[in-house]
Protein chains: 2
Amino acid sequence: MPAAATAPSFQPLWRQIRTLIVSDIEAAAWKPGEAIPSELELAARFRVSQGTVRRAIDALADENLVVRRQGKGTFVATHTEEKVSLPRFLRIRRDDGVDEYPGSRLIDVRRGKAGIEAARLLELKAGEPVLLLRRTLEFAGVPVVLDEITLPGSLFRGLTKARFDAYHGSMYGFFETEFGVRMLKAREKLKAIVADADSAALLAVESGTPLLAVERVTTTFGDRPVELRRGLCTTMHHHYLNELG
Amino acid sequence: MPAAATAPSFQPLWRQIRTLIVSDIEAAAWKPGEAIPSELELAARFRVSQGTVRRAIDALADENLVVRRQGKGTFVATHTEEKVSLPRFLRIRRDDGVDEYPGSRLIDVRRGKAGIEAARLLELKAGEPVLLLRRTLEFAGVPVVLDEITLPGSLFRGLTKARFDAYHGSMYGFFETEFGVRMLKAREKLKAIVADADSAALLAVESGTPLLAVERVTTTFGDRPVELRRGLCTTMHHHYLNELG
DNA sequence: CAGTGGTCTAGACCACATC
DNA sequence: ATGTGGTCTAGACCACTGG
């Protein structure tokens, strides 16, 4: 039983079972929003005690891969039910503290080839086909964030502006239901820059205004990157919120 | 047994025991860095099974209040052992990916009165005495962050520049060992601004350079705020890192 | 070796949702 | 009443640390 250099040789049972369940979720044995089998059923299937299955599912809940609901069951996490609370990956907030769900306005969808930087971050070869979306996020009808989103062409075949506009819900909900791509984790790097002429026009601010630049790489199962997003955010009346624990 | 409007009437045993242990940690029954009693000992003391104590301690470990070390024991978390890895609350990184522990240079310590905004964020009355520290964080000898730190005077009596300079370690280590104030959680709000003349001088950049403005409110037990920090960060060669999961 | 945290089991019972 | 997740117990055994 070979082991990676830094990995433990033997994994506890609950860890192995967690991995098995993740594989089933990735293989869409149960779709996002659906219930997975009950703990007792999984325990019987894997020939372990309920407590061991519980431990595995607890880990998955901590990773936001599933959601537990007492009395009802355990459900595969989805981005299509985020209308109630704020989207999990949205860190931009209004300064006045009101929790507003921003509107998304798609500007355009273009086809292109991955540049060196995008290829590196998305683990593609330079020149591979990508999709380039531009969109704004509007709070109270005012554009606050300008995003340029780079997607691997191979995963999002058939993505058009019309198709996105026909979908009602968040962008990650769109990716999930229309292309089966699940956004699980993201890593963001923030810098302060000044607006150039183009960005300023789209955000309705003066050229030279300071903007918050957010570079996000989003990953799916196995930490495979599937989205590169460069956002510019006006921070006159909004901010980026982060909780440290 | 009265209950708050939104709180559950009955707490599970492990939750109650967690609270008891937190109280003991807050009361410094065991100091930061010291071991708390073993699970079996705590189980006997509270007349519950080891599993229930385990659950309580697991929760504390998730909150970074204690650190488990297999074979050795469970230890109260401390800010004085962060020299190996990067400080837990430091999000600024070098663009080149090198993990550098920045140097801290204290500029000055002043006494003052809380303004309206500081009073609100620190839950003080306007006009109550505060301490105002200014310091820079230097990466490779170059100032990258300029912090202005506001502390409630009542909690940090006797804090002087000389005393800080005599201490070797992180600022939160200093607060912990010298004043018994434990920084547990923080909430940061980020904006992009342009440097004014004073800040530009201290950060050795031109006036008008875009800077990342970080407002941090740090809390201790019971979510009581104990530090307000306004930081300005040059992001030419550094960035603010955030992981979303 | 003894002591610590880590895993796993089997079973009882509770709390919640649904029919 | 039934099925789900949530709590709690008692006990066995494993893995790691340090004298």
Side-chain angles (χ1 to χ4, degrees), chain A residues 1 3 6-21 24-25 30 33-78 81 84, chain B residues 1 3-4 6-21 24-25 29-30 33-78 81 84:
Chain A
M1 200 171 293
T6 55
S9 317
F10 291 95
Q11 292 214 324
L13 239 193
W14 68 266
R15 203 91 187 59
Q16 300 175 39
I17 284 165
R18 176 202 157 277
T19 302
L20 290 174
I21 298 176
D24 280 346
I25 292 178
W30 320 290
E34 289 182 0
I36 71 174
S38 75
E39 296 177 351
L40 279 173
E41 191 175 332
L42 289 171
R45 177 182 308 182
F46 295 127
R47 314 292 197 104
V48 298
S49 74
Q50 181 186 2
T52 302
V53 169
R54 236 187 121 58
R55 195 95 151 71
I57 295 179
D58 279 344
L60 295 178
D62 285 345
E63 301 171 59
N64 293 308
L65 263 165
V66 301
V67 176
R68 289 176 167 296
R69 276 181 258 205
Q70 177 166 145
K72 302 177 74 171
T74 301
F75 300 80
V76 179
T78 173
E81 291 172 2
V84 199
Chain B
M1 201 172 291
T6 55
S9 318
F10 291 95
Q11 292 212 326
L13 239 193
W14 67 264
R15 204 93 187 55
Q16 301 175 38
I17 284 163
R18 176 202 157 278
T19 302
L20 290 174
I21 298 176
D24 280 346
I25 293 177
W30 321 290
E34 288 182 1
I36 72 174
S38 76
E39 297 178 351
L40 279 173
E41 191 174 334
L42 289 171
R45 175 181 310 182
F46 295 126
R47 315 291 199 98
V48 298
S49 75
Q50 181 185 3
T52 301
V53 169
R54 236 189 123 57
R55 195 96 151 69
I57 294 179
D58 279 343
L60 294 178
D62 286 345
E63 301 170 60
N64 295 307
L65 262 163
V66 301
V67 177
R68 289 176 166 296
R69 276 181 252 197
Q70 178 166 148
K72 303 176 74 173
T74 301
F75 300 79
V76 179
T78 173
E81 291 171 3
V84 198

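Sequence lines set the chain letters: A, B, ... in the order given, protein chains first and strands last, and positions in each chain run from 1.
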**Report entry** Gap between atoms CG and C1', on A:Leu60 and D:dG5 respectively (whole Å)
**Finding:** 15 Å
Query raised in the report: So, is A:Arg55 near the phosphate of C:dC8, with a side-chain N or O under 4.0 Å from OP1 or OP2?
Result: no
Query raised in the report: Side chain of A:Ser38: nearest nucleotide among D:dG6, D:dT4, C:dC8?
Result: D:dT4
Query raised in the report: For B:Thr74 and C:dT4, is the shortest distance between a side-chain N/O and OP1 or OP2 below 4.0 Å?
Result: no
Report summary line: Contacts of A:Val48 and B:Gly73 projected onto DNA chain C by closest heavy atom; the upstream (5') one is B:Gly73
Query raised in the report: Can you check the A:Leu42 CG to D:dG5 C1' distance for me, whole Å?
Result: 13 Å
Query raised in the report: So, is A:Lys72 near the phosphate of D:dG3, with a side-chain N or O under 4.0 Å from OP1 or OP2?
Result: no
Report task. Please state how far atom CD in A:Glu39 lies from atom P in D:dG5, giving the value in whole angstrom units. Result -> 5 Å
**Report entry** Value in whole Å for how far the C1' atom of C:dA12 lies from CG of A:Leu40
**Finding:** 13 Å
Query - Among D:dT9, D:dC16, C:dA17, the nucleotide that comes nearest once only the side chain of B:Gln70 is considered - result: D:dC16
**Report entry** Donor-acceptor under 3.5 Å (A:Gln50 side chain, A:Ala43 main chain)
**Finding:** no
Report task. Using whole Å, report how far CD of B:Gln50 lies from C1' of D:dC8. Result -> 13 Å
Query - Whole angstrom value for the distance that separates P of C:dA15 from CZ of B:Arg15 - result: 17 Å
**Report entry** Test: A:Arg55 and A:Glu39 ion pair at under 4.0 Å
**Finding:** no
Query raised in the report: B:Gln16 CD to D:dT7 P: how many Å, rounded?
Result: 12 Å
Query raised in the report: Are B:Arg69 and D:dC16 close enough that a side-chain N or O sits under 4.0 Å from OP1 or OP2?
Result: no
Query raised in the report: With respect to the side chain of A:Arg54, which nucleotide from C:dG5, D:dG5, C:dT9 is positioned closest?
Result: D:dG5
Report summary line: Picking from C:dG5, D:dC8, C:dC8, the nucleotide nearest the side-chain atoms of B:Trp14 would be D:dC8
Query - Distance (rounded to the nearest 0.5 Å) between B:Ile17 CD1 and B:Leu42 CG - result: 9.0 Å
Query raised in the report: Nearest to the side chain of B:Leu13, which nucleotide is it out of C:dG6, D:dG5, D:dC8?
Result: D:dC8
Report summary line: Atom CZ of B:Arg68 and atom P of D:dT17 are separated, to the nearest Å, by 15 Å
Query raised in the report: Is the backbone N or O of B:Gly33 less than 3.5 Å from a side-chain atom of B:Glu81, with the two atoms forming a donor-acceptor pair by type?
Result: no
Query raised in the report: Does the ring of A:Phe75 carry A:Arg68 above it, NZ/CZ under 6.0 angstrom from centre and within 45° of its axis?
Result: no
